[in-house]
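Bear in mind the structure is a predicted one, so any value in this text is a computation, not a measurement. Excluded from the calculations below are hydrogen atoms, water molecules and symmetry mates; all remaining heavy atoms, backbone and side chain alike, are included.
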Amino acid sequence: MSVAFTKEDSAETASETLLPNRPVSHHPNLVTEAGLKALELQLHQAREAYETAQKTEDVNERRRQAAIPLRDLGYFVARVRTAQVIINPTSTDIVAFGSTVTFKRGDGRVQKYRIVGEDEPDPKAGSISFVSPVVRSLMGKAVGDKVGSSGQTLEIISIS
């Protein structure tokens with residue numbers, strides 16, 4: 001049989017399937033209990049996707065299908081391994097990780113967010129990361145405190 005009709009792995013094909021690692025934050029990996037469960041679920045899903053890809057007969061197609069799950073596996077293994085579960089704060093005196101804080105912006109808008117880990121935020125659903133500039137300016141503050149963030153004043157209305 002001619003070499004032209006055989007499937008050979010080439011360096012070009014292999015490099016097409018290697019994806020760069022997902023960046024891992026330098027911040028502590030603080031998570032809520034729900035956040036840890038979500039990370040564990042995503043890790044499980046990445047493992048399943050990788051195992052499914054490994055059943056593909058064609059080696060090049062297998063590599064293509066496994067590329068994203070393999071990259072995600074590395075990320076989620078690291079995130080689950082380094083997760084530090086923070087229980088909900090028992091005090092509502094100051095803004096802390098896990099608090100739900102309501103604040104008023106300088107333009108009159110009132111917003112309410114729960115402070116969560118970096119892999120958990122969903123602003124539309126009312127959660128925001130503890131490393132966001134807004135939250136960093138609010139941490140440790142109390143009801144009635146005013147802080148500046150991005151040239152804007154925020155006043156804390158409530159903490160729960």
### Task
List for me each residue that meets ring-ring contact (aromatic ring centres under 6.0 Å, His included) alongside Y113, sequence neighbours excluded, and say none if there are none.
none

### Neighbour count above 12 (heavy atom, 6.0 Å) for E33 CD
no

## Note on the structure
Residues P28 and Q84: closest non-hydrogen pair is CB-NE2, 4.0 Å

### Task
Report yes or no: does S99 contribute a side-chain atom to a donor-acceptor pair with the main-chain N or O of V101 at less than 3.5 Å?
no

### Query
Does the side chain of V134 come within less than 4.5 Å of Q111's, by heavy atoms?
no

### Message
If you compare all heavy atoms of I94 against all heavy atoms of G140, which two are closest, and at what distance to 0.1 Å?
### Response
CG2-O, 3.7 Å

### Summary
Those residues at least two apart in sequence (or on a different chain) that pass side chain to side chain contact (heavy atoms under 4.5 Å, CB included) with E155 are K146

### H44 side chain to E48 side chain, donor-acceptor N/O pair below 3.5 angstrom
yes

## Note on the structure
On a heavy-atom basis, the closest approach of P121 and S129 is CB-N, 3.6 Å

### Query
Which other residues belong to the hydrophobic cluster containing L70, where Ile, Leu, Val, Met, Phe, Trp and Tyr are joined when side-chain heavy atoms lie under 4.5 Å apart, directly or via other members?
V24, V31, L36, L39, L43, Y50, L73, Y75, F76, V77, V80, V85

### Message
Run the side chain to side chain contact (heavy atoms under 4.5 Å, CB included) test against T56 and tell me which residues pass, sequence neighbours left out.
### Response
E61, R62, Q65

### Modelled atom types, side-chain donor and acceptor of E120 and T32, under 3.5 Å
yes

### Message
A side-chain contact here means heavy atoms from C-beta on lying under 4.5 Å apart; do N29 and D119 qualify?
### Response
yes

### Message
As an exercise, state the distance from NZ of K104 to OG of S158, rounded to the nearest 0.5 Å.
### Response
13.0 Å

### Summary
To the nearest 0.5 Å, atom OG1 of T100 lies from atom NZ of K112 at 6.5 Å

### Query
Does some side-chain heavy atom of M139 sit less than 4.5 Å from a side-chain heavy atom of V135?
yes

### Message
Minimum heavy-atom separation for A78 and T82, please, with both atom names.
### Response
O-OG1, 2.8 Å

### Message
Return the CD1 to OG distance between I156 and S137, rounded to the nearest 0.5 Å.
### Response
8.0 Å

### Shortest non-hydrogen separation from A66 to Q54 and the atoms involved
CB-NE2, 3.6 Å

#### Entry: Straight-line distance of D122 CG to R114 CZ, nearest 0.5 Å
13.0 Å

### Distance, nearest 0.5 Å, that separates CD1 of I157 from OG1 of T102
6.5 Å

### Message
Test of understanding: with side-chain hydrogen bond (donor to acceptor under 3.5 Å, both in side chains), list the residues that count as partners of D107, not counting sequence neighbours.
### Response
R109

### Task
First locate atom CD1 of I115, then atom CG of L30, and finally report the distance between them rounded to the nearest 0.5 Å.
11.5 Å

### Query
Under a single-linkage definition using a 4.5 Å side-chain heavy-atom cutoff for Ile, Leu, Val, Met, Phe, Trp and Tyr, are F103 and F130 assigned to the same hydrophobic cluster?
yes

### Task
With sequence neighbours excluded, tell me which residues meet salt bridge (charged side-chain N to carboxylate O under 4.0 Å, His left out) with R136.
none

